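Structure first, then comments.
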Amino acid sequence: MAEVVIIDYGAGNLRSVARAVRHAGIEPIVTSDPDAVDGARALILPGVGAAADTMANLRRTNLVEPLREYIAADRPFLGVCMGMQALFDSSEEGGEHECLGVLPGRIVRFPGGLTVPHMGWNTLRFTRPHPVLEGVDDGAYAYFVHSYYPRPDDPALTIASTEHGVPFASIVGRGNLIATQFHPEKSGAAGLRLYDNFLRLALNGGSIAPEAAAATGGSA
Amino acid sequence: MLTKRIIPCFDVDQGRVVKGISFVELRDAGDPVELASSYEQAGADELVFLDITASSDNRPSVYDMVARTADQVFVPFTVGGGIRSTEDVRMMLEMGADKVSLNTAAVERPALIGEGAHGFGSQCIVVAIDAKRREADNPGAGWEVYTHGGRTPTGIDALGWAREAVERGSGELLVTSMDKDGHQTGYDLELLRGISDAVEVPVIASGGAGTPQHLYEALTEGGAEAVLAASIFHFGTYDIADLKRYLSDRGIPMRPVEDADAGGGSGEGDGA
């Protein structure tokens, strides 16, 4: 049985993430059980709200170490919105807060003078191909809602960028990890396609990484 | 570039979509879930449901509508009407709403805004403001906030309330002109401009849309990030693709209406 695990740490719109997974024909397990992380074949970390609350919730539910170990083992992982921001070293939201530190970089606020939150549909510009984006057009629209954005130390982490006053990384990834600042579960057909690709690659070949797809003569 | 949003609004009473003409006369325009799904296909950027029944014994039917909508709709939607407590907010979000809009309850107990924002994030707390001009022909006299579906004057200044709502954690404001609502003669542009200049968060314009030109004015002169409308859509006067083309041709960034079968649709089945 395919184990797609959606991490429930007491915040976030889990229902819509679960629905997007079901739309791909898969029944997810929604849980806050740290032991479920190790059994997952594909792991999704959703999230909305503030960075400090997210990290406090992950600590309270004893999920920090299991998540770090899962990601360190390079297993299929999808982070969404706050579930992307939490991966970086730290966030300046509400004072400087330490995050999971699995990706080098920092979460910073949009500069003044812009409408914040950055809320609504904006375009994705791909900076490199990725199997999870197969069938999603360069320039596709995705739904964003956030006031802070990721600034990766390593530009090679960026898979797509988006502009709101400043350009920022809207999809980042490394190996079997991919994470989006937007909400693919709220981004219509393009977003559902992203979920579909992620789940199909993770469950069929055990890898979403570009290298694996290239080795098997796959996509993109 | 961030696009401007077109947001159809459904007034829901006893599980059916209705739309008030100046909050009084009601006409029936269909099943909420079916309509929501068809509007998503037609290119709506977001959807808003306002439960105008808003009585407590009606809640289970509203939760059921929200859950059924979330099953079928993959664009964001907001639910408002009768949300009085953080527990109400939590239930709506758990049922699948992306945002809730607070109106009367936020005016009566402003701390509710902060409680919702801290508990669930500012992004899901929309404060809805029903505003009426103190003097019909003189925007300089200001606007007064009304509650209870536009029946109760509060004496509160709409611009001041907008600022306070954002300071307390609201991530977005839904601004309805009671003078214009239902008349299809255009939005109250001075009201929209006043509020959008006063706050950093997005402002959704509501009340008065009758023509594509009205939407254009709200997004330019009014400074709104999004336009909400009901009757202009529900009775087939204009479709969303036409409106988006009209606005796009005039330099407003819009998300084009996607092909019905573009990517990720049915038929790809269970990856396992």
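Source: prediction; values computed, not measured. A, B, ... follow the sequence lines: proteins, then strands. Residue 1 opens every chain.
Using a 4.5 Å cut-off between heavy atoms, B/Q123 touches chain A through backbone and side chain atoms alike. For chain B, no part of A/V136 is nearby; none of its heavy atoms comes within less than 4.5 Å. Contact of A/L194 with chain B is not made at all, since no heavy-atom distance falls under 4.5 Å. In this structure, the portion of B/L93 lying under 4.5 Å from any heavy atom of chain A is its backbone and not its side chain. If you measure heavy-atom distances from B/M254 to chain A, the contacts under 4.5 Å come from the backbone alone.
A distance-only check finds a donor-acceptor pair linking the side chain of B/T3 to the backbone of A/W121 [under 3.5 Å].
Taking chain A as the reference chain and counting heavy-atom pairs below 4.5 Å, the highest number among B/G96, B/S196, B/P76 is found for B/P76. Taking chain B as the reference chain and counting heavy-atom pairs below 4.5 Å, the highest number among A/V145, A/D137, A/V116 is found for A/V116. Counting heavy-atom pairs closer than 4.5 Å to chain A, the top-ranked of the candidates B/K4, B/E46, B/E40, B/H118 is B/E46. Your options are B/E200, B/E172, B/M95, and the one with the most heavy-atom pairs under 4.5 Å with chain A is B/E200. The choice from B/P202, B/A117, B/S122 that makes the most heavy-atom pairs within less than 4.5 Å of chain A is B/P202.
Taking a 6.0 Å sphere around CD of A/E163, one finds it holds more than 12 heavy atoms contributed by other residues, nucleotides or ligands. Within 6.0 Å of NE2 in A/H97 there are more than 12 heavy atoms belonging to other residues, nucleotides or ligands. Taking a 6.0 Å sphere around CG of B/D242, one finds it holds more than 12 heavy atoms contributed by other residues, nucleotides or ligands. Crowding of A/R109 atom CZ: a count of heavy atoms from other residues, nucleotides or ligands under 6.0 Å exceeding 12.
Note that CZ of B/R255 and CG of A/N122 are 12.0 Å apart. Values are rounded to the nearest 0.5 Å.
No side-chain heavy atom of B/D45 sits under 4.5 Å from any side-chain heavy atom of A/Y143. The shortest distance between side-chain heavy atoms of A/H118 and B/L2 falls below 4.5 Å.
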Q | Residues A/K186, B/D98; criterion side chain to side chain contact (heavy atoms under 4.5 Å, CB included); working and verdict | A | CA-CA 9 Å; A/K186 287 290 159 183; B/D98 297 286; 2.9 Å; yes
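Residues from residues 65-74 of chain B that place a non-hydrogen atom less than 4.5 Å from a non-hydrogen atom of chain A comprise B/A67, B/A70, B/D71, B/V73, B/F74, given in numerical order. Proximity to chain A among residues 218-226 of chain B is limited to B/E225, judged by heavy-atom separations below 4.5 angstrom.
Pairing each heavy atom of A/M119 with each of B/K99, the nearest pair is SD-NZ, 3.2 Å.
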